[in-house]
Amino acid sequence: MEMIDLNRPAPTTEPERQYYFIKKVQEYVKAQSEKLGRPLTANITTFGCQMNARDSEKLSGILREAGYVETESEDADFVIYNTCTVRENANLRVYGRLGVLHGYKKKNPNMKIALCGCMMQEATVVEKLQKSYRFVDLIFGTHNIFKFAELLAMTLESDRMIIDIWKDTDQIVEDLPNERKYAFKSGVNIMFGCNNFCSYCIVPYVRGRERSREAKDIVREIEALVKDGVVEVMLLGQNVNSYGKNLEQPMTFAELLREIEQIDGLERIRFMTSHPKDLSDDLIEVMANSKKICPHLHLPLQSGSSRILKAMNRRYDKEKYLALAKKIRERMPDIALTTDIIVGFPGETEEDFQETLDVVRQVRYDSAFTFIYSKRTGTPAAVMEDQIPEDVVKDRFDRLLKEVQTISKEMSERFTGNEETVLVEEKNSQMDGYVTGRLGNNHVVHFEGSEELIGKLIRVRLDECRGFYYMGTMLDK
Ligand code: SAM
Ligand code: SF4
């Protein structure tokens with residue numbers, strides 16, 4: 001990057017424009033720190049999914065580059081909430097916590113509070129913030145997160161609430177700074193947005209239309225990550241199976257995986273999420289033949305009832321899903337299958353729910369995220385008749401959870417005694433002298449070992465399965 005001259009107008013091209021504003025914020029941070037005699041602090045809180053976690057790493061990269069010191073405490077000079085709105089209770093948590101931030105701001109008048117992410121794409125949310133949360137300084141959405149440095153610079157110079165929400169975008173800005181949470185693994189966006197419009201889901205409305213990154217940009221990013229010590233990547237998209245459809249030169253997700261597999265030094269490839277409606281045979285073959293793609297597939301079911309699946313606009317039925325799961329297991333017997341299930345979708349009867357339990361029993365998931373249906377205004381399901389009473393949903397939810405947990409424990413057992421490779425992720429917080437890592441199939445293992453093992457791939461024997469995790473022994477000491 002060329003030298004940045006702040007006496008000149010800001011460049012009009014990206015990412016140069018954002019680097020110009022990072023420099024501008026750097027000057028502010030330096031001057032303020034000197035005035036206060038201490039570094040300026042920043043805090044990021046992430047709600048929601050892995051996509052948001054990855055976005056927060058981008059926010060973090062910019063804040064650090066600008067000179068802020070990141071802190072765990074929300075009593076900081078700059079606080080940002082990266083919000084989620086997939087379920088109502090995520091929104092409620094944000095409003096609750098804003099009250100606490102207001103208290104901090106009264107003590108530190110220079111404090112700036114920012115909100116971004118999916119929740120901000122909802123007009124009613126922004127109206128409420130404008131009316132009742134005037135102390136918030138900056139609000140932006142999901143489409144212009146690349147502009148964070150510029151918005152931050154504006155916020156630091158202004159006393160007014162700055163709001164910049166875009167309805168949609170086809171822009172993808174590459175090569176901005178980011179700060180990884182883990183040195184040895186990283187999420188990598190391969191696409192943004194979603195075109196599927198499942199009838200309960202708000203994501204297509206807040207994340208916009210599907211856009212894939214160019215394969216060469218993805219490969220270049222992963223190569224750079226590997227040079228920087230990363231051994232495992234998680235490819236991120238709302239439906240990775242439709243990757244590449246809108247590229248000038250279309251390519252499939254399976255083809256992308258083949259290219260990524262070639263990257264020297266990269267040891268493990270994960271991805272999520274895979275929509276069952278278009279998981280191809282080619283993908284199953286690529287996975288089965290790969291040395292790097294982890295034997296784990298997250299295959300959201302949502303419901304086991306074909307009638308409900310139709311109302312959900314999932315575009316597969318119970319039989320198609322079961323046939324797919326069977327095909328995957330036949331080709332890769334050791335694969336771990338995980339899923340997402342929603343209970344209490346409008347019109348769900350006890351019979352429909354029994355169909356869900358039936359799929360759970362037939363597929364036998366290694367683990368499952370279970371959700372109570374949450375009505376999201378603006379989605380087709382929100383205005384469907386026959387919303388299910390809370391007590392009925394709660395009862396079904398409890399029964400589903402019990403079934404899922406019982407099966408998950410039984411499934412975990414099947415690897416006991418195996419020798420496997422584990423990527424060590426962290427020091428064990430409960431047991432001194434132990435570390436915790438993940439197998440390729442995403443199961444968690446605790447074993448005796450020191451901190452130096454973090455980020456390394458280690459052979460372990462799985463001695464004992466304790467419900468949802470293993471106790472193991474390191475083999476190659
Ligand atoms: N794109 C991914 C897919 O299709 O599986 C999932 C994205 S969504 C953030 C993660 C999960 O949240 C979904 O799989 C679904 O189970 C759940 N979810 C989405 N909308 C929901 C709603 N309105 N109520 C309850 N759960 C919901
Ligand atoms: Fe939501 Fe369906 Fe898109 Fe997943 S595929 S993000 S559940 S609309």
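Residue numbers start at 1 and run along the sequence shown. Order of listing sets the numbers, starting from 1, for every ligand and every atom in it.
- Within ligand 1, the atoms closer than 4.0 Å to a non-hydrogen atom of Q238 are 1 (N), 2 (C), 6 (C), 7 (C), numbered from 1 in the order shown.
- In summary, the atoms of ligand 1 found under 4.0 Å from a heavy atom of R314, numbered by their order in the structure, are 4 (O).
- The nearest protein atom to atom 10 (C) of ligand 1, hydrogens excluded, is given as D340 OD2, 3.8 Å; this is a heavy-atom distance.
- Looking at atom 21 (C) of ligand 1, its nearest protein heavy atom turns out to be Y200 CD1, 3.7 Å.
- Here T273 pairs with H298, P300 under the side chain to side chain contact (heavy atoms under 4.5 Å, CB included) rule; sequence neighbours left out.
- Between K402 and D398 there is no salt bridge, since no side-chain N of the basic residue sits under 4.0 Å from a carboxylate O of the acidic one.
- Proximity of P300 to ligand 1, defined as any heavy-atom pair under 4.0 Å, is confined to the side chain (atoms from C-beta onward).
- At a heavy-atom cutoff of 4.0 Å, ligand 1 is contacted by the side chain of T273 but not by its backbone.
- Numbered from 1 in the order shown, with element, the atoms of ligand 1 that lie under 4.0 Å from a heavy atom of R376 read 23 (N).
- For atom 24 (N) of ligand 1, the closest heavy atom belonging to the protein is S374 N, 2.9 Å.
- Of the options N82, N178, I145, a side chain to side chain contact (heavy atoms under 4.5 Å, CB included) to S56 is made by N82 and by none of the others.
- Checked by atom type, the side-chain pair Y182/R180 shows no donor-acceptor distance below 3.5 Å.
- Atom 7 (S) of ligand 2 has as its closest protein heavy atom Y200 OH, 3.4 Å.
- Here side chain to side chain donor-acceptor pair (under 3.5 Å) pairs that include residues 85-94, with residues two or more places apart or in two chains, are T85-N91, T85-E122, T85-R376, E88-R376.
- Between the side chains of T155 and D137, no donor-acceptor pair is found at a separation under 3.5 Å.
- Comment: E179 engages R64 in a salt bridge, judged by a side-chain N to carboxylate O separation of less than 4.0 angstrom.
- Side chains of Q362 and Y321: a donor-acceptor N/O pair is absent below 3.5 angstrom, by distance only.
- Only side-chain heavy atoms of F371 come within less than 4.0 Å of ligand 1; its backbone N, CA, C and O stay farther off.
- Residue-ligand proximity, Y373 to ligand 1, at heavy-atom distances under 4.0 Å covers atoms 24 (N), 25 (C).
- Taking 4.0 Å as the cut-off, I372 counts as a neighbour of ligand 1 on heavy-atom distance.
- When hydrogens are left out, the protein atom nearest atom 27 (C) of ligand 1 is R87 NH1, 3.5 Å; that is the closest non-hydrogen contact.
- Judged as a salt bridge (Lys or Arg N to Asp or Glu O under 4.0 Å), and not counting sequence neighbours, the contacts of E403 are R361.
- Both tests pass for K128 against the ring of Y95: distance under 6.0 Å to the centre and angle within 45° of the axis.
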Under the criterion salt bridge (charged side-chain N to carboxylate O under 4.0 Å, His left out), I'd like the reasoning laid out for D281 against K327: C-alpha separation, chi angles, the key distance, then a yes or no. CA-CA 9 Å; D281 288 350; K327 186 158 70 177; 2.7 Å; yes
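- Between R258 and D282 there is a salt bridge, since at least one side-chain N of the basic residue sits less than 4.0 Å from a carboxylate O of the acidic one.
- Near atom 2 (Fe) of ligand 2, less than 2.8 Å away, sit the protein N, O or S atoms C198 SG.
- Taking the six-membered ring where tryptophan is involved, the planes of Y316 and H275 are perpendicular, since the angle between them exceeds 60° and thus also 30°.
- A cation-pi geometry, defined here as NZ or CZ lying under 6.0 Å from the six-membered ring centre and within 45° of its normal, does not hold between R207 and F192.
- Ligand 1 is approached by V86 to a heavy-atom distance shorter than 4.0 Å.
- When each atom of ligand 1 is checked for a heavy atom of Q302 under 4.0 Å away, the hits are 5 (O), 13 (C), 14 (O), 15 (C), 16 (O).
- Of the heavy atoms in K375, none comes closer than 4.0 Å to ligand 1.
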